[in-house]
Amino acid sequence: MMMDMHSFVLAGFVSQATFALTLALLAWSDRRTRGTGWLAAACVLQLASTAAKNMLPREPHVSENISAGLLLLVFFFVYMGLRWFVVRRRLASMWGPVAVSATMALILCLGFLHQGAALAAGRAASVVVLGMTVLMLLNPKITSLRIPAQRTAAMLVAVMAILTSRLVLGLHLMGLRYPRFETLGHDVMLLCLALLGFSFIGMFVAETKRRLHEETRMDPLTGLRNRRAFEEIAQREVQFAVREESPLTLLMLDLDHFKQLNDTWGHPFGDRALRAFGGVLLTVTGQKDAVARMGGEEFAVLLPGRSARSALAMAERLRTTVEGLHLSEGEDLVQFTVSVGLSSLRRGEKTLDEMFRRADHALYEAKREGRNRVVLADSRARAIPPARSLPELQPVLARTANQGTDRLREFPASAVAAVSATHRM
């Protein structure tokens, strides 16, 4: 037995209400996924449009104007929500929202001038917004969201096709009317909107999985990669270096006397020192370099495409930068240093193990020879001495003259010069 029109409309209304409630709950429970809030708002507006169409008085100007305005606003909210998922940056300007607002005002004016003009204008503007959304989804910035983005784009293309056909049929070209096709278009639109709700939830699930995957491979204190993520990247880089015969160098780094730093200034200050050191690593290294906290005060940097000579110079500039870094604790400025062990992938090696072992041994040598230095894992290499002598067992303390503007200089001129020199290499 065929479902009558009222039952079909009721089923569509219930499905829209379900998706609106589901997305609203997801947006409320996970504030970090801001795109879900926009999508929930779009579903709520679509629900309001359906309710208004069936509850408001049957005055053509009123019902068409409201439906046309809400239709455009719904798909603009869809654009904003999906933009958060695949672009991850704010609008470059406010011209888009201004254009949507101006178009809605124009739609309202057209509705009072000519019956049917508002709905046609709303559908035409919605097709344009949907087209922009589809183009955006076809080029997502995040690789893991590519498949759900493409599925959502396919659903939006179907919605565009239905809107375009209803727009053409609604113009009554050559005086022809197709009431059965218009009714069919309405029913298919309800079905597509329900499937689109599934696509929105799919985008949320894919984003949640991606974030959980990243969080399990990230050190929560410094925001750097953890040991697990570093070893995965290192194995891929070793395979690439072997296949392409390109250089690959590993740095092992350890903060000097870190336990004494914690005992003297407390663990909160030690955490600050680790975060500051992680920031220096990200500043000095390039985008292709892998930076990780291996555990405790030990860090690692993998440098694809860098020879030992180039990496040695970079490591020495990194050591100098850390040496010039000062952190404030009360009225004191605390300085700490780092020791670095360095090793490159050798011909015939196909795993990270030997390079890792050599770099770790070089780091031990740097510690044994006095700390605050860089050692290359080569029997013919000598440790690079520090640029100036430092006390070995105590951090360098400096009393500031007052607690005003001279209290703290996080990156002095020598540190900035060292970072700049590294980027010029």
Side-chain angles (χ1 to χ4, degrees), residues 222-225 230 234 237 246-258 261 273-294 297-327 333-345 355 358-360 362-367 369-378 380-392 395-396 408-425:
T222 61
L224 303 176
R225 295 181 177 92
F230 182 81
E237 292 295 343
S246 60
L248 181 65
T249 304
L250 172 68
L251 305 183
M252 296 298 296
L253 310 100
D254 193 275
L255 297 185
D256 298 328
H257 301 297
F258 186 73
L261 196 70
L274 291 173
R275 285 193 294 267
F277 181 64
V280 172
L281 287 178
L282 292 177
T283 303
V284 174
T285 57
Q287 292 184 352
K288 295 182 179 180
D289 303 330
V291 182
R293 182 187 177 197
M294 305 299 283
E297 66 273 21
E298 190 173 272
F299 294 77
V301 179
L302 193 66
L303 304 171
R306 278 188 183 267
S307 64
R309 181 178 180 181
S310 174
L312 195 63
M314 193 205 76
E316 173 58 20
R317 290 189 175 91
L318 172 63
R319 186 200 63 77
T320 306
T321 302
V322 175
E323 186 183 37
L325 179 66
H326 297 76
L327 295 179
L333 293 179
V334 183
Q335 185 180 16
F336 56 92
T337 59
V338 63
S339 299
V340 185
L342 182 150
S343 177
S344 292
L345 189 69
M355 181 171 63
R358 291 194 304 273
D360 196 56
L363 175 61
Y364 171 78
E365 289 295 323
K367 292 284 190 179
E369 295 183 16
R371 295 181 170 85
N372 187 31
R373 63 193 64 225
V374 180
V375 173
L376 175 64
D378 190 327
R380 296 169 300 175
R382 298 175 58 189
I384 299 178
R388 57 187 176 85
S389 60
L390 294 174
E392 293 292 332
V396 178
L408 172 65
R409 290 189 300 170
E410 293 285 348
F411 288 91
S414 60
V416 175
V419 173
S420 301
T422 302
H423 284 290
R424 288 197 297 268
M425 286 186 61

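Just the heavy atoms: all of them, side chains too, but no hydrogens, waters or symmetry mates, feed the values below. Everything quoted here is computed from the prediction, not taken from an experiment.
- When all heavy atoms of Leu325 and Ala276 are compared, the closest pair comes out as CD2-CB, 4.0 Å.
- Here the closest heavy-atom approach between residue Ala315 and residue Val340 is recorded as CB-CG1, 4.1 Å.
- Considering only residues two or more places apart in sequence or on other chains, Glu365 meets the side-chain hydrogen bond (donor to acceptor under 3.5 Å, both in side chains) condition with Arg368.
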Checklist line | Phe277/Thr222 under side-chain contact (heavy atoms from CB on, under 4.5 Å): CA gap, chis, key distance, verdict | finding: CA-CA 9 Å; Phe277 181 64; Thr222 61; over 6 Å; no

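- Put simply, CG on Asn372 and CD on Glu323 are 5.0 Å apart, with the number rounded to the nearest 0.5 Å.
- Remark: Phe258 CZ is packed, more than 12 non-hydrogen atoms of other residues, nucleotides or ligands lying under 6.0 Å away.
- With contacts defined as side-chain heavy-atom distances shorter than 4.5 Å, the pair Val301/Leu250 does not qualify.
- Between Ser339 and Asp256 the shortest heavy-atom distance is OG-OD1, 2.7 Å.
- Annotation: salt bridge (charged side-chain N to carboxylate O under 4.0 Å, His left out) contacts of Arg358 (sequence neighbours excluded): Glu349.
- Two residues are said to be in side-chain contact when any heavy atoms from C-beta on lie closer than 4.5 Å; Val280 and Val338 fail this criterion.
- With rounding to the nearest 0.5 angstrom, the CG atom of Leu376 is 7.0 Å from the OG atom of Ser344.
- Taking CG of Leu333 as the reference point, atom CD of Gln335 lies at 9.5 Å (rounded to 0.5 Å).
- The closest side-chain heavy-atom distance from Phe336 to Leu327 is below 4.5 Å.
- Scored by the salt bridge (charged side-chain N to carboxylate O under 4.0 Å, His left out) test, Asp289 finds no partners at all (sequence neighbours excluded).
- Here the CE atom belonging to Met314 is positioned 8.5 Å from the CG atom belonging to Leu342, to the nearest 0.5 angstrom.
- Here the CD atom belonging to Glu316 is positioned 10.0 Å from the CZ atom belonging to Arg373, to the nearest 0.5 angstrom.
- Residues satisfying the salt bridge (charged side-chain N to carboxylate O under 4.0 Å, His left out) criterion with Lys288, sequence neighbours excluded, are absent altogether.
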Next item on the list: Let me see the working for Val284 and Arg317 under side-chain contact (heavy atoms from CB on, under 4.5 Å), right down to the final yes or no.
Entry: CA-CA 9 Å; Val284 174; Arg317 290 189 175 91; 5.7 Å; no

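- Contact detail for Thr285 and Leu281: the closest heavy-atom pair is OG1-O, 2.6 Å.
- Rounded to the nearest 0.5 Å, atoms OG (Ser307) and CG (Leu345) are 13.0 Å apart.
- Residues satisfying the side chain to side chain contact (heavy atoms under 4.5 Å, CB included) criterion with Ala290, sequence neighbours excluded, are Arg225, Phe230, Ile233, Leu302.
- Between Leu303 and Leu251, the closest side-chain pair of non-hydrogen atoms falls below 4.5 Å.
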Note to self: Before you tell me yes or no, could you show the steps for Val334 and His326 under side-chain contact (heavy atoms from CB on, under 4.5 Å), namely the whole-Å CA-CA distance, both residues' side-chain angles and the distance that decides it to 0.1 Å?
What the structure shows: CA-CA 5 Å; Val334 183; His326 297 76; over 6 Å; no

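- With a 4.5 Å cut-off on side-chain heavy atoms, Glu298 and Arg293 do not count as touching.
- Legend: residues meeting salt bridge (charged side-chain N to carboxylate O under 4.0 Å, His left out) with Asp254, ordered by chain and number and at least two apart, are Lys367.
- Here the closest heavy-atom approach between residue Gly278 and residue Leu224 is recorded as CA-CD1, 4.0 Å.
- Residues Met355 and Leu248 have side chains in contact (heavy-atom distance under 4.5 Å, counting atoms from C-beta outward).
- Listed for the Thr283 side chain is a donor-acceptor partner under 3.5 Å among the backbone atoms of Gly279.
- Residues Ala308 and Thr249 approach most closely at N-OG1, 3.8 Å, considering heavy atoms.
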